[in-house]
Each structure stands twice: as C-alpha cells, then as structure tokens.
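Indexing begins at 1, ligand by ligand and atom by atom, following the structure's order.
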Amino acid sequence: MSTSLKLGNAFGIGIFVHWTFFLVPALVLFTNPGLSGPALALALFLVLAVFGCVVLHELGHALAARRFGIATRDITLYPIGGVARLERMSEKPWEEFWIAVAGPAVNLLIAGLLGFFLTFSRAIHQVVPLPPLGLEFLTMLMFLNLGLVAFNLVPAFPMDGGRVLRALLALRLGRLRATQIAVNIGMVLAVLMGLAGFLVMGNFMMVFLAVFVYFAGQQELAALYQREAQRRWQQGEDRFFESYREPPTGPQSADNNVYLWDSKNGVWVRQKPLRPARSYWFEAE
Ligand SMILES: [Zn+2]
C-alpha cells in the first residue's frame, strides 16, 4: 500500500490512488500542448470528475457484493481505471452477475441524472445561472459516463462485461467451462483492443489495459483450476490433477507420476497414472 495514497473512506471502504495515476494529468498536458486557460482547466477537471465517477462505479460493485455478504478490502484508482478488491469472488452465477452489473449501472444513473439536468438546464438557468463552460463540462461528463457504461460492458473477461458473460454461461455450463470460454473470448478481444489502441487511436492507456486483460483472465482461470483440483481432492474423488508453473525436477519427478506439458494453459500437469491429464480439464461439471 506504500505505493498508494489514501484519499479517504466511503461506506467503511478505504479509497486509494496509486502513484501512477498522477501520470494521467501529465499525459493530458503532454498530448495537448495547445491547451491553455479555461480549456486546460476544463480538461483537467474532466479527468478528475471521470475518476470520481470511476470511484462511484467501484462502490457500486462493492455495495452489491456487500449485499451478498462479500466484503471489499479497498478501492484503488489506476491510470487504466479503478479496482475494487473483493475479499472473494462469488461462486453463484446470479450473484456475480449483479455484482458485475452494479458498476456500469452507477455510470448509467449518473448519465441519466446529468441528462435530466441538462434537459431542464434552460429552466434552471433562470434560477441559477451557469456559465457556458459549466454546461459544456456537464455535457461531456454525461457522454463520458455513457462511454464508461459501453466500454465496461465489452465482454472481455475479467472486465465487467466478461464477468456478466461468464456468469450467464456458468448457469448452463458450470463455472469452469464458462470461465474457459469467457477467458478465450477475452483474450481475442484484448488483442483487438490492443491493436485498436495502438494503431487507430494512438492511446497507450488502452494498450496497457489490453495487456492487463490478456493476462489477468488467464491468471484467474489458473487460480480456478487450482481451487477446483483442491476441491475434488478434498472430496476424495477418483480423479485429480495438479499443475505446476515450473517443470517438476528432483525428488518430484523421481516418484511414479507422469508430467505432461499443457501448452494451452501453459502449465505442467501431474497425471494420475494411466489417465490422460487433458481429460480432466474438459470433463463435464
Ligand atoms: Zn466495473
């Protein structure tokens, strides 16, 4: 936590900002050297306001999780967005669905309120005069919130849309198979996102986010494999697998186990004698 600065508490959850976050205003200044005066102030206020909305988005996830008895360790802002660190992920598909949907729902609500305000701004203007720049600010903030809704709902696991997809697939296919499919789709979308960010938009934050999505999904899948293996082992089922990041050496390989390289998942798999390891991965739940 020493690399993060604490902003305060909301609903008993600590809100932090990672030091790299301060690169964002610097990036705005660097990429828009022509900005000055009111336009510069508008751009910087907009960056702050958007990240304020990101905090509210993360609180949406955190409070939805709390309803299902899941606590949130903290919320941290990074240049590529916010992260609410939940104590655990719900393993019930509908709970995961509502927790994932709650974040974008907050931004939709903000956009709706801003839209309502702007629609009646002429009438309000007669009571409380707003400078034109203020109206421009609120209009842009509304569209940026709509952008956050659309962007977060892209089904690239582990982004919100990907979690919604995983939850819906899990209803029919089980959690493991659903995660495999969601992670594969997420990896394809991450590559497209990275290419679009790099080639079309020249947006390096987008490239960072794409790299994060590409690896974080696989990491979560690997963790799920481990938990699943443990669960089956504890249940004393007649099948189990263990995976290793490093090739087993020394006394481990001196036992009678057979180790296979699973290139798809990038792990060594300990095979129970006489049963092919791969079948464990894809066995129906
Ligand atoms: Zn979210």
Side-chain angles (χ1 to χ4, degrees), residues 4 7 10-18 20-21 24 47-68 70-114 141-170 178-179 182-183 185-187 189-190 193 197 203 205-206 208-221 223:
S4 298
L7 294 180
F11 300 96
I13 301 161
I15 313 284
F16 294 83
V17 52
H18 194 254
T20 50
F21 177 77
V24 178
V47 168
L48 285 180
V50 165
F51 277 89
C53 293
V54 170
V55 170
L56 295 175
H57 169 114
E58 297 305 328
L59 279 172
H61 289 310
L63 295 182
R66 182 178 287 181
R67 269 195 69 83
F68 300 119
I70 299 169
T72 300
R73 289 202 188 98
D74 49 56
I75 290 173
T76 307
L77 284 178
Y78 296 91
I80 55 171
V83 175
R85 278 202 310 148
L86 303 189
E87 217 150 52
R88 61 183 173 85
M89 293 292 167
S90 174
E91 297 197 352
K92 294 176 185 147
W94 280 118
E95 289 188 5
E96 175 168 53
F97 175 86
W98 288 117
I99 293 169
V101 155
V106 169
N107 297 112
L108 194 61
L109 183 71
I110 296 171
L113 289 174
L114 287 172
L141 192 59
M142 179 185 76
F143 282 114
L144 285 168
N145 268 284
L146 289 176
L148 282 176
V149 175
F151 187 66
N152 277 286
L153 288 180
V154 170
F157 189 86
M159 285 171 64
D160 294 340
R163 292 201 180 278
V164 169
L165 175 69
R166 195 258 294 260
L168 294 177
L169 288 172
T179 309
V183 166
I185 293 173
M187 282 162 66
L189 289 174
M193 203 154 57
N203 183 339
M205 290 303 165
M206 186 92 145
F208 283 131
L209 181 66
V211 171
F212 168 78
V213 167
Y214 189 87
F215 289 106
Q218 292 179 78
Q219 215 166 34
E220 212 172 307
L221 183 60

Colleague: Going by an N to O cut-off under 4.0 Å, is there a salt bridge joining Arg166 and Glu220?
Modeller: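 Judged by the 4.0 Å cut-off on N to carboxylate O distance, Arg166 and Glu220 do form a salt bridge.
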
Colleague: Could you give the side-chain donor-acceptor pairs of residues 141-157 under 3.5 Å, partners two or more places apart or in another chain?
Modeller:
from	atom 1	to	atom 2	distance (Å)
Asn145	OD1	Asn107	ND2	2.9
Asn145	ND2	Leu141	O	3.0
Asn152	ND2	Leu148	O	2.8

Colleague: How would you list, by chain and number, every residue that makes a side chain to side chain contact (heavy atoms under 4.5 Å, CB included) with Ala216, sequence neighbours excluded?
Modeller: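 Here the qualifying residues are Pro158, Phe212.
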
Colleague: Taking only protein atoms, how many N, O or S atoms are found under 2.8 Å from the Zn ion (ligand 1)?
Modeller: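 My tally for this metal is 4.
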
Colleague: What I want to find out is whether Arg85 reaches Glu58 closely enough, with some N-O distance under 4.0 Å, to be called a salt bridge.
Modeller: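 Answer for the salt bridge query: no.
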
Colleague: Would you please classify the geometry between the His18 ring and the Tyr78 ring as parallel, tilted or perpendicular, with 30° and 60° separating the classes?
Modeller: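 Taking His18 first and then Tyr78, their aromatic rings sit tilted (interplane angle of 30° to 60°).
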
Colleague: With sequence neighbours left out, what residues match Tyr214 under ring pair (Phe, Tyr, Trp, His ring centres under 6.0 Å)?
Modeller: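 Applying ring pair (Phe, Tyr, Trp, His ring centres under 6.0 Å) to Tyr214 gives none.
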
